[in-house]
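These notes concern the structure reproduced below.
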Amino acid sequence: MSAPVRHVEAGSGEAIVFLHGVGGDSASWAPQIEAFSGAYRTIAWDMPGYGGSPALEPMTFAALAGSLAGLLDRLALDRVHLVGHSMGGMVAQEFAAGRPDRVRTLVLSATSPAFGRPDGDFQRRFVETRIAPLDNGMTMDDLADEMVETMLGPDADADGAAIARRSMAGVPEATYRAAIACLVTFDRRDALAGYEMPVLVLAGETDTNAPAPMMEKMAGRIPGADYVCLAGTGHLGNLENQAAFNRAVGAFLARRRA
């Protein structure tokens, strides 16, 4: 039997589970664990292959959703507030589509409902572009310095940016390669109209990876979804604009609990 998925947690009450992106880990949710643990049981996982969690062979979205279900079972959590960022937002969508009874509310941050056809030219170019630096001898530490800077908005919090760089530098190269290959297979556009739980779609105004207009369109396809765009914010809203991100999520959860 493989080792269980690793996670960090704090607090008590209704559970919020935070799912990180390709270059993240549980530590990339540290500001949210601190902010919400006074009122909620806050949990951030290390996705399979990250932070000591066993890798999946192969990594697929169905398998990732299954790993999340296994974590919730182990923690005796029937229903949770689910917050997914970037690729973590895709895992959240996959989970919510297949196991809607386990999701109280859904927050989708800087993500999209699909990456397009995995055999398309755009997808091949994306994989080649993201992997080429590693093929050419760069380390994950080098890649973190290069990539994180491109994802930040103009007024990014310096401490949050430092967390992002540390998290990405710590991702095993094999995991990063597997995650990029998995990322381009995602397509859950079919599920958008069927979400019955409350949904918040949270965008960054200057995000070029998950552009705000695309995310607003996504929100429009989800019945009753809330949409919030964080001004001056790039792809890493929970780290670069922590106060605004936490306010948006906190207000959403408070409205839904009321």
Side-chain angles (χ1 to χ4, degrees), residues 9-21 24 28-45 68 72 77-97 99-113 153 157 160 188 191-207 210-258:
E9 69 171 281
S12 61
E14 291 183 2
I16 309 176
V17 178
F18 296 96
L19 310 177
H20 62 80
S28 62
W29 292 108
Q32 285 68 49
I33 295 289
E34 180 180 0
F36 290 99
S37 58
Y40 297 89
R41 182 181 179 186
T42 53
I43 297 157
W45 82 339
L68 178 57
L72 300 190
L77 294 171
D78 292 329
R79 298 178 70 222
V80 300
H81 302 284
L82 199 55
V83 180
H85 172 76
S86 195
M87 185 177 179
M90 296 175 178
V91 177
Q93 291 174 71
E94 184 73 21
F95 187 85
R99 301 167 175 85
D101 57 311
R102 305 198 70 172
V103 183
R104 292 181 184 273
T105 64
L106 183 63
V107 178
L108 302 175
S109 166
T111 190
S112 67
D157 177 80
R188 268 300 187 178
L192 295 179
Y195 292 137
E196 296 184 355
M197 72 289 292
V199 179
L200 168 64
V201 177
L202 190 52
E205 182 184 34
T206 66
D207 187 359
M214 178 276 294
M215 294 203 68
E216 185 172 17
K217 182 178 179 181
M218 174 185 178
R221 295 178 62 186
I222 301 172
D226 292 352
Y227 171 74
V228 174
C229 182
L230 303 181
T233 303
H235 189 61
L236 305 177
N238 66 299
L239 289 172
E240 60 177 286
N241 196 352
Q242 298 166 25
F245 183 95
N246 294 345
R247 279 197 303 271
V249 174
F252 168 73
L253 293 177
R255 288 196 303 274
R256 298 309 179 178
R257 292 178 82 182

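Computed from a predicted structure; not experimentally measured.
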Kindly determine whether I16 and V107 satisfy side-chain contact (heavy atoms from CB on, under 4.5 Å), including the steps that lead there. CA-CA 10 Å; I16 309 176; V107 178; over 6 Å; no
Walk me through it: do L253 and Y40 pass the test side-chain contact (heavy atoms from CB on, under 4.5 Å)? CA-CA 10 Å; L253 293 177; Y40 297 89; 3.3 Å; yes
Passes side-chain contact (heavy atoms from CB on, under 4.5 Å), V201 versus E216? Steps please. CA-CA 8 Å; V201 177; E216 185 172 17; over 6 Å; no
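Within the structure, salt bridge (Lys or Arg N to Asp or Glu O under 4.0 Å) contacts touching residues 85-97 (residues at least two apart or in different chains) are E94-R188. Within the structure, salt bridge (Lys or Arg N to Asp or Glu O under 4.0 Å) contacts touching residues 31-42 (residues at least two apart or in different chains) are E9-R41.
Residues L72 and R102 come closest through the heavy atom pair CB-NH2, 3.5 Å. In terms of heavy-atom proximity, A248 sits nearest to L202 at CB-CD1, 3.9 Å. When all heavy atoms of A110 and D207 are compared, the pair lying nearest together is CB-OD2, 3.6 Å. Residue L106 comes nearest to A92 through the heavy atom pair CD1-CB, 3.8 Å, listed as atom of the first residue, atom of the second, then distance. Shown here for L192 and P113, the closest heavy-atom pair between the two residues is CD1-CB, 3.8 Å. Listed here is the closest heavy atom pair of I43 and I33: N-CD1, 4.0 Å.
One finds the NE2 atom of H20 at 9.5 Å from the CE atom of M87 (value rounded to the nearest 0.5 Å). Here the CG atom belonging to D157 is positioned 11.0 Å from the OG1 atom belonging to T233, to the nearest 0.5 angstrom.
Remark: side-chain polar atoms of T42 are paired, donor with acceptor, to backbone N or O of A10 under 3.5 angstrom. Between the side chain of N238 and the backbone N or O of S28, at least one donor-acceptor pair lies under 3.5 Å.
For Y195, there are no ring-ring contact (aromatic ring centres under 6.0 Å, His included) partners at least two apart in sequence or on another chain. Residues forming a side-chain hydrogen bond (donor to acceptor under 3.5 Å, both in side chains) with E240 (at least two apart in sequence, or on another chain): none.
Side-chain contact between V249 and F36 is present, with at least one heavy-atom pair separated by less than 4.5 Å. Side-chain contact between L19 and M90 is absent, with no heavy-atom pair separated by less than 4.5 Å.
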Pairs under 3.5 angstrom only: tabulate donor-acceptor contacts from the side chains of residues 220-227 to other protein residues two or more places apart or in another chain.
| unit_1 | atom_1 | unit_2 | atom_2 | d |
| --- | --- | --- | --- | --- |
| D226 | OD1 | R256 | NH2 | 3.4 |
| D226 | OD2 | R255 | NH2 | 2.7 |
| Y227 | OH | A212 | O | 3.2 |

Below 3.5 Å, can you tabulate the donor-acceptor pairs from side chains in residues 77-86 to any protein atom, sequence neighbours excluded?
| unit_1 | atom_1 | unit_2 | atom_2 | d |
| --- | --- | --- | --- | --- |
| R79 | NE | D101 | O | 3.4 |
| H81 | ND1 | T105 | OG1 | 2.7 |
| H81 | NE2 | E14 | OE1 | 2.7 |
| H85 | ND1 | S109 | OG | 3.2 |
| H85 | NE2 | H235 | O | 3.2 |
| S86 | OG | H235 | NE2 | 3.0 |

